[in-house]
Structures are given as structure tokens and as C-alpha cells.
Novice: 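Take this structure first; my questions come after.
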Amino acid sequence: MDKGNPSKLEKWREKYAALVVASTCFISLINSWGNNWVLTGILGLGVLVCGTIGVFDIKRAIQTRNRF
């Protein structure tokens with residue numbers, strides 16, 4: 001990929017991809033609640049980790065935008 005001029009899709013992925021994964025994990029967590037506790041635990045960790053990464057990605061994007 002060319003680093004000079006990223007497309008809108010690439011910009012969107014930088015900011016929101018981790019939050020989309022976290023929300024998908026959360027929906028799957030709700031669906032599997034009580035059926036399989038191992039899967040529920042793994043999905044819960046996925047929500048926490050991906051949600052945290054997503055929040056920090058958005059903070060970084062806001063700080064970068066304000067810097068320029």
C-alpha cells in the first residue's frame with residue numbers, strides 16, 4: 001500500500017477496526033453466555049482487550065488530528 005495518501009477505508013480501519021472486533025466479541029459473548037464457560041471467558045477477554053485497544057486508537061487519532 002502507498003503510505004502517501006491513504007484511502008477513506010484505511011483511515012476508518014485505523015480508528016475503528018478494534019472497536020468493531022470488540023463489539024462482535026460482545027455480541028458473541030451474550031449469545032454464548034451460560035452454554036460454554038470457556039468460550040464465554042475467551043470472548044470476555046476479547047471484549048476487554050480489543051475494546052481497550054480501540055479506545056487508545058481513537059485517542060491517538062484525535063491527538064494526531066489536533067497536532068496538525
Side-chain angles (χ1 to χ4, degrees):
M1 291 275 158
D2 184 22
K3 294 290 183 181
N5 192 9
S7 68
K8 287 184 180 181
L9 180 61
E10 290 173 5
K11 290 178 185 177
W12 188 87
R13 281 182 188 162
E14 283 181 17
K15 291 182 189 176
Y16 303 112
L19 287 178
V20 170
V21 172
S23 63
T24 305
C25 282
F26 184 67
I27 291 169
S28 298
L29 172 79
I30 291 171
N31 287 334
S32 71
W33 189 265
N35 295 332
N36 186 348
W37 288 105
V38 174
L39 180 62
T40 302
I42 291 170
L43 290 171
L45 287 173
V47 170
L48 291 175
V49 170
C50 291
T52 304
I53 292 170
V55 168
F56 284 117
D57 283 346
I58 291 174
K59 279 184 166 180
R60 181 182 43 85
I62 290 171
Q63 289 174 352
T64 304
R65 184 182 60 195
N66 289 339
R67 198 175 298 163
F68 294 110

Novice: Taking all atoms of both residues into account, what is the closest heavy-atom pair of S32 and L39, and its distance?
Specialist: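 Answer, listing the atom of S32 first, then L39: CB-CD2, 4.0 Å.
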Novice: Would you compute the distance between atom OG1 of T40 and atom CG of L45 and round it to the nearest 0.5 angstrom?
Specialist: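 Between atom OG1 of T40 and atom CG of L45 there are 11.0 Å.
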Novice: Any side-chain heavy atom of I30 within less than 4.5 Å of one from W33?
Specialist: no
Novice: State which residues pass ring pair (Phe, Tyr, Trp, His ring centres under 6.0 Å) with Y16; sequence neighbours excluded, sorted by chain then number.
Specialist: W12
Novice: Identify all side-chain donor-acceptor contacts of residues 48-58 below 3.5 Å with residues at least two apart in sequence or on another chain.
Specialist:
from	atom 1	to	atom 2	distance (Å)
T52	OG1	L48	O	2.6

Novice: What's the separation between atom CG in L43 and atom CG in N31, rounded to the nearest 0.5 Å?
Specialist: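 The CG atom of L43 sits 9.5 Å away from the CG atom of N31.
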Novice: Please give me the minimum heavy-atom distance between V47 and A22, naming the atom from each residue.
Specialist: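 Nearest pair, atom of V47 first, then A22: CG2-O, 3.7 Å.
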Novice: Excluding sequence neighbours, so at least two apart, what forms salt bridge (Lys or Arg N to Asp or Glu O under 4.0 Å) with R13?
Specialist: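 Once residues adjacent in sequence are excluded, R13 has no partner under the salt bridge (Lys or Arg N to Asp or Glu O under 4.0 Å) criterion.
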Novice: To check you understand the geometry: which heavy-atom pair defines the closest contact between R60 and E14, and what is its length?
Specialist: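 That closest heavy-atom pairing would be NH2-O, 4.1 Å.
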